[in-house]
Amino acid sequence: MPELPEVETTVAGLRAVLEDAPLTLVEPRRADMRFPFPADLRQRLTGATVTGLGRRAKYGLIETDRGDTMIFHLGMSGRWRIDPSEIGKHDHLIVETPRHRLALHDPRRFGFVHLVESAAIDAYPAFAALGPEPLGDGLTAEYLAQALKGRVAPIKAMLLDQRIVAGLGNIYVCEALNIAGISPTREAGKVSKPGLRKLVDAIRSVLRAAILAGGSTLRDYARPDGELGYFAKDWRVYGREGEPCPCGGTVRRRIDSGRSTFYCPSCQK
DNA sequence: CTAGTGCCCTGCCGGC
DNA sequence: TGCCGGCAGGGCACTA
């Protein structure tokens with residue numbers, strides 16, 4: 001499922017075909033995904049030239065020379081297809097340049113597209129309260145100690161909260177907690193400073209490794225270069241209930257708020 | 001303010 | 001072979 005590394009990989013793939021390219025067609029093929037497509041999406045983007053691409057948390061950004069930024073979110077099953085051989089029922093937005101046709105493909109339609117003025121992007125509601133980027137300078141043990149001080153919610157829930165850290169999802173949180181040796185149910189405010197240092201290191205290393213691998217996935221994610229069958233499944237705990245943890249213990253699964261948590265009771269305390 | 005739950009949506013997979 | 005239920009989960013609405 002697209003988390004930060006998958007979005008990063010997607011943006012890199014899009015950059016290769018969109019940067020400096022004029023948009024000759026921008027056409028929604030239905031009224032909405034999770035949210036309605038902006039009514040003026042086609043009009044504001046068609047004829048504009050892409051000046052840059054970026055990422056914030058799990059959001060992809062496509063900037064144009066008209067001062068607009070298209071914000072896309074891949075939800076859980078979204079991906080961009082580049083030069084698909086055909087357009088199918090889950091291709092909800094078509095974008096064309098003189099050289100390529102792209103399709104935003106999302107069977108579950110948890111993804112969405114918004115359009116904002118680039119100058120006002122910080123006022124985009126979902127960005128206003130976002131926490132620091134985990135790979136940036138803002139995520140430190142000191143920051144986390146302050147942000148989690150007095151919080152009694154489980155550390156796993158806090159790491160999934162985009163206001164604490166931006167861009168983490170279920171997979172990388174499970175992995176990072178395992179690497180750091182911290183139980184997902186530990187009260188967030190009670191994780192020690194050394195524990196937080198380990199956690200920060202674990203978050204960074206697991207994200208960097210995934211980006212290097214080209215974006216990790218579950219079963220239905222493809223790289224945006226149109227190549228299918230791209231799977232990474234070298235998780236330590238995620239999706240491995242009953243299998244051995246690297247420490248020799250056995251990976252367990254628990255459900256919190258209807259969401260699976262994979263962890264090793266032997267080495268995560 | 002915080003913590004916790006339920007919903008959206010579709011495809012896939014296991015069980016019978 | 002086909003049907004059914006469970007599951008995947010990010011973000012947001014909602015409750016207490």
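Each chain gets a letter, A, B and so on, in the order the sequences are listed, and its residues count up from 1.
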For A:Lys89 and B:dG11, is the shortest distance between a side-chain N/O and OP1 or OP2 below 4.0 Å? yes

Taking the six-membered ring for Trp and the single ring otherwise, decide whether the centroids of A:Trp235 and A:Phe262 are under 6.0 Å apart. no

Is there a side-chain polar atom (N or O) of A:Gln162 under 4.0 Å from OP1 or OP2 of C:dG11? yes

Check the distance between C:dC12's P and A:His73's NE2 and give it to me in whole angstrom. 8 Å

Share the residues that join A:Tyr59 in a hydrophobic cluster, the rule being Ile, Leu, Val, Met, Phe, Trp or Tyr side chains under 4.5 Å apart at the heavy-atom level. A:Phe35, A:Leu61, A:Ile71, A:Phe112, A:Val116, A:Ile121, A:Tyr124, A:Phe127, A:Leu130

Could you tell me how far apart A:Tyr59 (OH) and C:dG10 (P) are, to the nearest whole angstrom? 12 Å

Distance, rounded to the nearest Å, where A:Leu160 contributes CG and C:dG11 contributes C1': 11 Å

Output the rounded distance in Å from CE (A:Met33) to C1' (B:dC8). 14 Å

Separation of C:dG10 P from A:Phe72 CZ (nearest whole Å): 17 Å

I'd like to know whether CD of A:Glu19 has more than 12 heavy-atom contacts from other residues, nucleotides or ligands below 6.0 angstrom. yes

For the pair made of CE in A:Met76 and C1' in B:dG11, what is the distance, rounded to whole Å? 10 Å

Duplex segments of DNA chain C, taken as runs of at least three Watson-Crick or G-U pairs that stay under 3.5 Å: B:2-16 with C:2-16

Which of B:dG11, B:dA3, C:dC12 is nearest the side chain of A:Met158? It is B:dA3

Between A:Lys156 and A:Thr261, is a side chain to side chain donor-acceptor pair (under 3.5 Å) present by the stated rule, with each step listed? CA-CA 9 Å; A:Lys156 189 209 176 195; A:Thr261 300; 2.7 Å; yes

Please state whether the phosphate of C:dA8, meaning OP1 or OP2, lies under 4.0 angstrom from any side-chain nitrogen or oxygen of A:Arg108. no

Which residue pairs pass the salt bridge (charged side-chain N to carboxylate O under 4.0 Å, His left out) test with at least one member in residues 35-47 of chain A, sequence neighbours excluded? A:Asp40-A:Arg44, A:Arg44-A:Asp68

Between C:dG10, C:dG11, C:dA8, which nucleotide gets closest to the side-chain atoms of A:Glu3? C:dG10

Taking only residues two or more places apart in sequence or in another chain, which ones pass side-chain contact (heavy atoms from CB on, under 4.5 Å) with A:Pro244? none

Could you list all the side chain to side chain donor-acceptor pair (under 3.5 Å) pairs where at least one residue sits in residues 187-205 of chain A, not counting sequence neighbours? none

Does the side chain of A:Ser260 get closer than 4.0 angstrom to OP1 or OP2 of C:dA8 through an N or O atom? yes

When you compare the protein's N or O atoms with those of nucleotides 5-7 of chain B, which come within less than 3.5 Å of each other, and at what distance?
| from | atom 1 | to | atom 2 | distance (Å) |
| --- | --- | --- | --- | --- |
| B:dT5 | OP2 | A:Ser257 | OG | 3.1 |

With sequence neighbours excluded, residues passing ring pair (Phe, Tyr, Trp, His ring centres under 6.0 Å) with A:Tyr263: none

Counting any heavy atom closer than 4.0 Å, what does A:Arg163 reach on the DNA or RNA strands: base, sugar-phosphate only, or nothing? nothing

Taken to the nearest whole Å, CZ/A:Phe110 to C1'/B:dG11 is 12 Å

Select one nucleotide: of C:dG10, B:dG4, C:dA8, the one nearest the side-chain heavy atoms of A:Ala153. B:dG4

Return the nearest nucleotide to the side chain of A:Pro154; candidates are B:dG4, B:dT10, B:dA3. B:dG4

Rounded to whole Å, the CG-P distance (A:Leu159 to C:dG11) equals 14 Å

What residues form a salt bridge (Lys or Arg N to Asp or Glu O under 4.0 Å) with A:Glu133, not counting sequence neighbours? A:Arg55, A:Arg56

For residues 162-176 of chain A, pull every pair meeting salt bridge (charged side-chain N to carboxylate O under 4.0 Å, His left out), keeping only residues two or more places apart or in separate chains. A:Asp161-A:Arg163

Is A:His90 close enough to B:dG11 that one of its side-chain N or O atoms is under 4.0 Å from OP1 or OP2 there? yes

How is A:Pro125 classified with respect to the nucleic acid when contacts are heavy atoms under 4.0 Å: base, sugar-phosphate, or nothing? nothing

